Peer 1: 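My structure is below; once you've seen it, I'll send some questions.
Both backbone and side-chain heavy atoms feed into the values below; hydrogens, waters and symmetry mates do not. Since this is a predicted model, take the numbers as computed values, not measurements.
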Amino acid sequence: MSVDQPVTVEVGLGDRAYDILIGSGLLSRAGEEISRRLPGTRAAVVTDENVAAAHLDTLKAGLDKGGIQSTVITMPPGEKSKSFAHLEEVVDGVLAARLERGDVVVALGGGVIGDLTGFAAGIVRRGMNFVQIPTSLLAQVDSSVGGKTGINSPRGKNLVGVFLQPKLVLADTEVLDTLPIREFRAGYAELAKYGLIDRPELFAWLEANWQKVFAGGPERARAIAEACRAKADVVTRDEFETGDRALLNLGHTFGHALEAATRYDGARLVHGEGVAIGMALAHRFSSRLNLASPDDAARVETHLRAVGLPWRMADIPGELPDAEALLSFITQDKKVSRGALTFILTRGIGQAFIAKDVPASEVLSFLRENHPASRKVG
């Protein structure tokens with residue numbers, strides 16, 4: 001893909017519409033692209049130590065070239081940065097830089113940095129401009145698009161946050177070349193999710209072309225663009241997750257419970273891996289409820305296993321809490337409404353739907369069957 005011709009995907013939200021640019025060399029063009037949309041602004045760049053070492057100099061040069069003065073706020077890497085303490089640190093850094101409400105806060109990093117930075121941008125000075133520059137595959141296809149921001153609580157993941165749409169998303173495909181393979185795989189889980197929700201042809205294409213997506217080149221850019229279009233379509237229909245947008249949570253209710261159960265220890269489980277296991281469990285649970293064929297669950301598990309992703313709870317290193325404790329994490333999840341369990345289940349590949357009032361007893365029985373301590377897990 002040419003530096004001069006990135007793919008543009010528009011998120012059509014009226015006067016809050018914005019572009020997602022997907023292509024190579026976009027870090028070097030960041031100042032130009034931001035200045036075109038937000039002329040005369042200064043920037044606070046929030047990043048983590050790992051991303052800063054690999055990409056901050058390139059971004060700083062790109063901002064300078066576009067005439068944007070910038071200050072940098074650096075966080076430690078990992079999910080544990082999505083905390084009240086680090087939120088305060090980011091807010092204080094923006095204020096210390098004397099940025100005004102019309103200036104811009106830029107997230108340079110993966111989903112953790114994007115979520116944390118977006119939340120800070122949404123509350124400092126009662127709301128500032130926000131730009132996403134996602135550096136992980138997971139962030140490029142999912143968390144950087146759609147305006148969800150937030151931090152974690154000891155009681156669950158992403159329980160504190162705001163909706164804040166970015167002014168621009170710059171998805172530089174070149175930065176993915178420096179991504180550790182485990183992180184790339186984790187992002188791929190979110191990419192595959194869009195096929196499993198309502199685009200069975202995308203899932204079939206990924207089954208045939210996943211190795212090319214991993215290798216880079218046009219297939220990778222095509223996959224990212226397709227995922228962004230899929231998410232943009234849903235966000236445009238349901239910005240604040242009062243209806244269809246909940247479909248994007250396929251795999252997340254189980255996945256978030258597993259992340260909480262491992263205390264967000266990235267050595268054991270990262271978000272995309274939790275989603276992968278969650279998607280496999282959602283398909284298996286749908287089969288158990290006689291909603292879908294067990295062949296569909298097997299097909300999902302086979303693909304996740306082929307790309308090197310975990311697909312069952314037994315794949316998580318170390319011991320997990322028992323099924324009752326896992327259920328308690330699920331009932332704490334923000335996707336539970338008035339105590340009723342809501343899951344994204346499926347009638348087949350690409351046929352996800354919102355299932356409300358799922359009996360807790362069914363979920364508990366299913367968790368017991370699939371828990372690593374159970375002899376039934378193969």
Peer 1: Got a salt bridge between Arg37 and Asp19, using NZ or NE/NH1/NH2 to carboxylate O under 4.0 Å?
Peer 2: yes
Peer 1: Short question: side chain of Asp103, backbone of Ala43 - any donor-acceptor pair under 3.5 Å?
Peer 2: no
Peer 1: Donor-acceptor pair, Asp322 side chain versus Ala325 backbone, under 3.5 Å?
Peer 2: yes
Peer 1: Does Lys231 use its side chain to pair, donor to acceptor, with the backbone of Val145 at less than 3.5 Å?
Peer 2: yes
Peer 1: Charged N to carboxylate O below 4.0 Å: is that the case for Glu301 and Arg305?
Peer 2: no
Peer 1: Do the charged groups of Asp142 and Lys193 touch, with an N to O distance under 4.0 Å?
Peer 2: yes
Peer 1: Working note: Leu291 + Phe353, criterion side chain to side chain contact (heavy atoms under 4.5 Å, CB included); need CA distance, chi angles, decisive distance, verdict.
Peer 2: CA-CA 11 Å; Leu291 295 167; Phe353 69 98; 3.8 Å; yes
Peer 1: Just by modelled atom types, is the Glu369 backbone N or O under 3.5 Å from a matching donor or acceptor in the His371 side chain?
Peer 2: no
Peer 1: Take a 6.0 Å sphere around CD of Gln69 and say whether it holds more than 12 heavy atoms from other residues, nucleotides or ligands.
Peer 2: no
Peer 1: Return yes if some donor-acceptor pair links the side-chain N/O of Ser144 with the main-chain N/O of Ala139 below 3.5 Å, else return no.
Peer 2: yes
Peer 1: Which distance, rounded to the nearest 0.5 Å, do you find between the CG of Asp233 and the CG of Asp238?
Peer 2: 13.0 Å
Peer 1: Between Tyr194 and Phe203, is the ring centroid distance below 6.0 Å?
Peer 2: no
Peer 1: Does Pro134 offer a backbone N or O that forms a donor-acceptor pair with the side chain of Gln140 under 3.5 Å?
Peer 2: yes
Peer 1: Taking the six-membered ring of Phe240, is NZ or CZ of Arg245 closer than 6.0 Å to its centre and within 45° of its axis?
Peer 2: no
Peer 1: Hey, are Glu226 and Arg222 close enough for a salt bridge, meaning a charged N less than 4.0 Å from a carboxylate O?
Peer 2: no
Peer 1: What residues, two or more places apart in sequence or in another chain, satisfy ring pair (Phe, Tyr, Trp, His ring centres under 6.0 Å) together with Phe84?
Peer 2: none
Peer 1: Considering only NZ, NE, NH1 and NH2 on the basic side and carboxylate oxygens on the acidic side, decide whether Lys157 and Asp115 come within less than 4.0 Å.
Peer 2: no
Peer 1: Does Asn152 offer a backbone N or O that forms a donor-acceptor pair with the side chain of Asn158 under 3.5 Å?
Peer 2: no
Peer 1: When you look at His303 and Tyr188, which way does the ring pair (Phe, Tyr, Trp, His ring centres under 6.0 Å) test go after all the steps?
Peer 2: CA-CA 11 Å; His303 184 57; Tyr188 182 89; 5.6 Å; yes
Peer 1: Just to verify, which of Arg185, Arg268, Arg182 counts as forming a side-chain hydrogen bond (donor to acceptor under 3.5 Å, both in side chains) with Glu273?
Peer 2: Arg182
Peer 1: Give me the atom names and distance for the closest heavy-atom approach of Gly25 to Glu174.
Peer 2: N-OE2, 3.5 Å
Peer 1: Report the C-alpha distance between Ile123 and Val91 in whole Å, list the side-chain angles of each, state the deciding distance to 0.1 Å, and finish with yes or no for side chain to side chain contact (heavy atoms under 4.5 Å, CB included).
Peer 2: CA-CA 8 Å; Ile123 60 175; Val91 168; 4.3 Å; yes
Peer 1: Taking Arg29 for the side chain and Gly62 for the main chain, is one N or O donor matched with an acceptor at less than 3.5 Å?
Peer 2: no
